[in-house]
Amino acid sequence: MEQYDHKKIEKKWQKKWTEEGIYKTSDESDKPKEYVLDMFPYPSGEGLHVGHPKGYIATDIYSRYKKMRGFNVLHPMGWDAFGLPAENYALKNKVHPRQAVEKNIARYKEQLSIIGFNYDWDREINTTDPEYYRWTQWIFLQLFKVGLAYESNEPINWCPSCKTGLANEDLDNGACERCGSAVEKKRIRQWVLRITDYAERLLNDLDELKEWPEHIKELQRNWIGKSEGAEIDFGIAGRDEKIKIFTTRPDTLFGATYMVLAPEHPLVLNNELGISNYEEVKKYIEEAGKKTEIERTAEGKEKTGVELKGVKAINPANKEEIPIFIADYVLADYGTGAIMAVPAHDERDFAFAKKYKLPIRMVICPHYPAPTCPVLDEAYIGNGHLVESGQFNGLPNEDAKKKITEFVGGKMKTTYKLRDWVFSRQRYWGEPIPLIHCEKCGVVPVPEKDLPVTLPEVEHYEPTGTGESPLANISEWVNVLCPTCGGKGKRETNTMPQWAGSSWYYLRYIDPKNQDAFVDTKKEKYWSPVDMYVGGAEHATRHLIYARFWHKFLYDQGFVSQSEPFMRLKSPGLIAGADGRKMSKRFGNVINPDDVVATYGADTLRLHEMFMGPFEQGAAWSEESIIGPRRFVEKVWRQAARIGGTTDASLLSKLHQAIKKVGEGIELFRFNTAISTMMIFMNEAEKSGTIGQGEYELFLKIVSPFAPHAAEELWREVLGHKKSIHLEPWPVYDESKIVSEGFTITVQVNGKVRDTFMIETELSEDEVKDQALALEKIKRWIDGQAIKKIIYVKNKIVNIVV
RNA sequence: GCCCGGAUGGCGGAACUGGUAUACGCGCACGACUUAAAAUCGUGUCCCGAAAGGGUUGUGGGUUCGAUUCCCACUCCGGGCACCA
């Protein structure tokens, strides 16, 4: 038998598996289905580093295992290729984004293929393929039809020097990352999706996702940020206008000693209140407008504000006239953009009141009845009973919330942090939004039969400088006839964000070539939902919320059969560079999987990444320890030459333990311990010398998901099997073969281990205790002291308390 | 500031529902094979101690016959969110 040489076998089998089509998925099967999905990558120009495949290796092992367990498995891969990264890469390298994407995809695919993944490439999808984005556009039209898409003027980050909109990500401390100019807010016409209509369901249905990690669900809950409170109108002294505020603490209304509006509050912007110091106010508004969100929200920032002179608000609870301020710590787009300030019971209001010497009135006392209310040196935000609150005095504050709200004619109201989803970009490289602006009919959807609205070829795909998409410059594309009235119309020139294509791609894999529908209903019913979804935790809030939103919408429209898309979710911990920092070209710590495969082989890379530690935990790359998994593969290889005779009972026992534990480990994504179990078996096998062929084959099968190439080579070339090991059933372990070699009883005195002894078979409690007490060492430790009690844990421990 | 993780030998980590802490791997040391080296195999490897024994899972307390595991307080590290009324 030849020596193990990964270079001789890995490419060979990858080719053969493709030729034999062993990874083809059938839509018709009596088997139960299992849909195993990776978050698809966007093919950047940098190529894969060694951290990227971690999740793919896990799903590869998992899906191979599920196939062996008799499931019909769907395990596809594709490309999320629209969006800024691809566009920026193209701009930088002076090629068309399409060409850049094609090149990068080819590179990614090659890199993935040499690791030996079992994707069904017949189902490959690409979000930039018109046959794909046709359906992305179609889904948008369905949203539009029911009123979930609307136009609105939304603020964006605008770099006045580059003349382009910037994502938060492209900001460097409030300035443009590229040119360093201060970034402004600019309002621009945008398409927005009403995701907030789904806030309550997106929140509640998290409870049904039993197999999602709790911390990811928590992230989503915080992102949705439900809070229950009240909306209350404050009058303005001597005027008819009212100012609506939102508060979660209507119980503290009597303690409201001033009011704060966001600088962008419409009543202030339009100077509708007769403010006497408007010049000063205007200046503050301008200052606030210049600041980025980052500056406005910096930690521990001193509160600033300006009083609106000549105007007073009326506290509706006690009719007191109170001053009104504007301050940038109040945000225009949360709640109503106005608050009542209760300095005694809110930390921010407290800090502000101290600075501007405003009255602080305590209306909730922790101890009731309090002889006097203590002087506060910080806000009291806890519970208590009401004081100085008229007829509500003495009520527990929780009970007072509703009562006070009703008393002043307010209403209880739920708000969410979640904001509607700004769904347009003024960029070239995205799906065109399939709408036409008609002079007569307004906004008209492109008829479904005319989809896709394809991206036209342009000479310049750089941003235009006007804030409009480059598509706006192509008049022959923009000017069209209105599909409704036949009159003059103009195409919408905004494109969709990268999130669009990734919000439904998992459905397209089910039926990737369907020309008549985004997915066939029957196939969708069979494959949905995704059973196992693996991808980075950085997508916990955005991608996973957007996809859940679209899925629920499609469910409501009757297009899909399940209300949630992803049943089980796992996030791989990040693989950092050897220096402990994030792998990045910038730090020069990037390890390319191609190099690792060339040196050690794909099987070793796969084992190593899974053996590094718990799957969901991060780890630094270490080239030093990869030799361990490599030695393991070599041991398995060498053992094939020692097949013959029989397998002794102890090795047989280890084998069945391994079958059991490896299966459980894969199910639970505990690959590191699964691998150590296999190593233990191999060590034992080496010691015993020979192994029966049947037993060796069983072991090869459990190794095969981890090291598919070596296992296949041994199975077919060395052992002479005709069909692939990857089509074999998973071995059934035999509990009776897992023979125990007796039990080691630990004897403790007062909880400290003093001795151990073996019992061959299970004995009665009294017999074990007698044996323990008879031990010489134990006798010495007890040394005539009175035994208070003896605790016995079956087959494990005797603890003698003296 | 808030939320979520985490802290175990020289290093990565293991320990099922509270029951012998340090499995497995790396590294290191010694030995076998070899003229030699590599590879491989074997033995050892938490700390103190000659031994008996004692100590040890970030720190300090608690519950328990018994705590890496449960509870309280704190320190440090990683991630997320951020003046959300």
Side-chain angles (χ1 to χ4, degrees), chain A residues 3 213-219 221-223 225-227 229-230 245-249 252 256 260 262 293-294 296-301 303 327-331 333-342 345-349 351-352 415-419 537-538 540-541 571 573-574 576 580 607-608 611-614 616-629 631-632 634-635 638 661 664 670 672-680 682-683 686-687 744-756 780 788-802:
Chain A
Q3 272 212 332
E214 202 46 53
H215 69 272
I216 298 222
K217 290 200 269 185
E218 202 54 34
L219 280 174
R221 288 191 189 104
N222 293 340
W223 188 267
K226 181 178 181 173
S227 80
I245 61 105
F246 174 73
T247 178
T248 55
R249 296 294 303 271
T252 64
V260 186
E293 208 155 313
I294 296 159
R296 262 171 84 156
T297 61
E299 185 190 338
K301 196 206 74 162
K303 306 265 176 295
D328 62 7
Y329 79 94
V330 174
L331 306 177
D333 55 6
Y334 181 77
T336 60
I339 63 158
M340 64 175 197
V342 185
H345 303 293
D346 181 279
E347 282 170 31
R348 290 152 301 168
D349 298 345
F352 191 86
T415 59
Y416 301 89
K417 282 191 215 175
L418 184 72
R419 296 173 199 172
E538 70 272 21
T541 43
S571 308
L574 207 73
L607 282 161
H608 180 57
F611 188 59
M612 282 169 76
E616 301 200 73
Q617 191 177 301
W621 179 257
S622 151
E623 195 88 20
E624 216 178 38
S625 53
I626 196 172
I627 192 68
R631 283 181 189 146
F632 169 72
E634 288 172 1
K635 275 186 196 176
R638 281 201 304 270
K661 285 187 73 175
E664 289 168 353
R670 293 217 279 250
N672 55 335
T673 49
I675 292 169
S676 78
T677 304
M678 293 191 286
M679 286 172 167
I680 291 170
M682 269 320 300
N683 292 346
E686 284 223 319
K687 271 188 213 148
T744 308
I745 304 292
T746 303
V747 187
Q748 301 179 331
V749 177
N750 286 342
K752 291 214 183 290
V753 179
R754 294 306 177 192
D755 203 359
T756 60
R780 259 194 286 137
K788 281 192 199 145
K789 61 173 162 176
I790 301 177
I791 287 125
Y792 177 59
V793 182
K794 199 175 169 191
N795 299 335
K796 270 186 186 146
I797 273 186
V798 177
N799 189 7
I800 302 157
V801 187
V802 296

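The sequence lines fix the lettering, A, B, ..., with proteins before strands; numbering per chain opens at 1.
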Does any nucleotide pair with [N] by Watson-Crick or G-U wobble geometry, both distances under 3.5 Å, and what is it?
N	value
B:A50	none
B:A85	none
B:G78	B:C4
B:G44	B:C28
B:C65	B:G19

[atom1]-based separation of [M] from [N] [nearest Å]:
N	M	atom1	result
B:G54	B:C3	P	43 Å
B:A52	B:A67	C1'	27 Å
B:U8	B:U57	P	12 Å
B:C70	B:U64	C1'	10 Å
B:G27	B:G79	C1'	30 Å
B:G9	B:U22	C1'	7 Å
B:A73	B:A29	C1'	44 Å

- prompt: In terms of side-chain heavy atoms, does A:Asn222 have a donor or acceptor partner in A:Lys417 at a distance below 3.5 Å?
  reply: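 There is no such pair (donor and acceptor under 3.5 Å, judged by atom type) between the side chains of A:Asn222 and A:Lys417.
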message: Which residues pass the side chain to side chain donor-acceptor pair (under 3.5 Å) test with A:Arg754, not counting sequence neighbours?
response: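 Once residues adjacent in sequence are excluded, A:Arg754 has no partner under the side chain to side chain donor-acceptor pair (under 3.5 Å) criterion.
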message: Suppose we screen for side chain to side chain donor-acceptor pair (under 3.5 Å). Which residues come up paired with A:Arg221, at least two apart in sequence or across chains?
response: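 Partners of A:Arg221 by the side chain to side chain donor-acceptor pair (under 3.5 Å) criterion, ordered by chain and then number, come out as A:Asp207, A:Glu214, A:Glu218.
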By the 4.0 Å heavy-atom rule, please label [X] as base, sugar-phosphate, or nothing.
X	value
A:Gln617	sugar-phosphate
A:Arg221	nothing
A:Glu686	sugar-phosphate

task: Classify every nucleotide of nucleotides 15-27 of chain B by which part a protein heavy atom approaches to under 4.0 Å, writing B for the base, S for the sugar-phosphate alone and - for neither, in 5'-to-3' order.
output: -B--BB--BBSSS
- prompt: Is the base of B:G54 syn or anti, where syn means the angle lies within 90° of 0?
  reply: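 Nucleotide B:G54 adopts anti.
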query: Where the side chain of A:Asn750 meets the backbone of A:Val802, is there a donor-acceptor pair that is under 3.5 Å apart?
result: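 Indeed, once roles are kept as given, a pair shorter than 3.5 Å links the two residues.
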query: Would you find a donor on one side and an acceptor on the other, under 3.5 Å apart, between the side chain of A:Asp755 and the backbone of A:Val747?
result: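 It does not hold such a pair.
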How close or far is atom [atom2] of [N] from atom [atom1] of [X], stated in whole angstroms?
X	N	atom1	atom2	result
A:Leu219	B:G80	CG	P	10 Å
A:Trp223	B:G79	CH2	P	18 Å
A:Lys226	B:C81	NZ	P	23 Å
A:Arg419	B:A82	CZ	P	8 Å
A:Met612	B:A14	CE	C1'	17 Å
A:Asn222	B:C83	CG	P	14 Å
A:Leu574	B:C77	CG	C1'	15 Å
A:Lys788	B:U64	NZ	P	13 Å

message: Within the structure provided, determine whether A:Arg249 and A:Asp346 are in side-chain contact (heavy-atom separation under 4.5 Å).
response: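 A side-chain contact is absent here, since even the closest heavy-atom pair is not under 4.5 Å.
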message: Measuring from the side chain of A:Lys789 (C-beta onward, heavy atoms only), which nucleotide among B:C65, B:U40, B:A85 has the closest atom?
response: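 The closest nucleotide is B:C65.
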query: With respect to the side chain of A:Arg754, which nucleotide from B:C41, B:G54, B:C3 is positioned closest?
result: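 Of the candidates, B:G54 comes closest.
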task: Tell me which of A:Gly618 and A:Met340 sits closer to the 5' end of RNA chain B, going by the nucleotide each one is nearest to.
output: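 Upstream on the strand: A:Gly618.
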- prompt: When you match A:Glu538 and A:Ala619 each to their closest nucleotide on RNA chain B, which lands nearer the 5' end?
  reply: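 Mapping each residue to its closest nucleotide by heavy atoms, the 5'-most match is A:Ala619.
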Pairs flagged by salt bridge (Lys or Arg N to Asp or Glu O under 4.0 Å) wherever residues 793-802 of chain A is involved - sequence neighbours left out: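 Every salt bridge (Lys or Arg N to Asp or Glu O under 4.0 Å) pair that includes a residue of residues 793-802 of chain A, provided the two are not neighbours, is A:Glu762-A:Lys794.
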message: Does anything in residues 617-628 of chain A form a salt bridge (Lys or Arg N to Asp or Glu O under 4.0 Å)? List the pairs, not counting sequence neighbours.
response: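 The answer is none; no pair qualifies.
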- prompt: So does A:Lys303 reach the base of B:C83 with its side chain, donor to acceptor, closer than 3.5 Å?
  reply: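 Yes.
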message: Suppose we screen for side-chain contact (heavy atoms from CB on, under 4.5 Å). Which residues come up paired with A:Thr746, at least two apart in sequence or across chains?
response: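 Result, side-chain contact (heavy atoms from CB on, under 4.5 Å) vs A:Thr746: A:Gln748, A:Val753, A:Thr756, A:Ile797.
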query: Does B:A85 have OP1 or OP2 sitting under 4.0 Å from an N or O in the side chain of A:Tyr334?
result: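 For A:Tyr334, the contact criterion (side-chain N or O under 4.0 Å from OP1 or OP2 of B:A85) is met.
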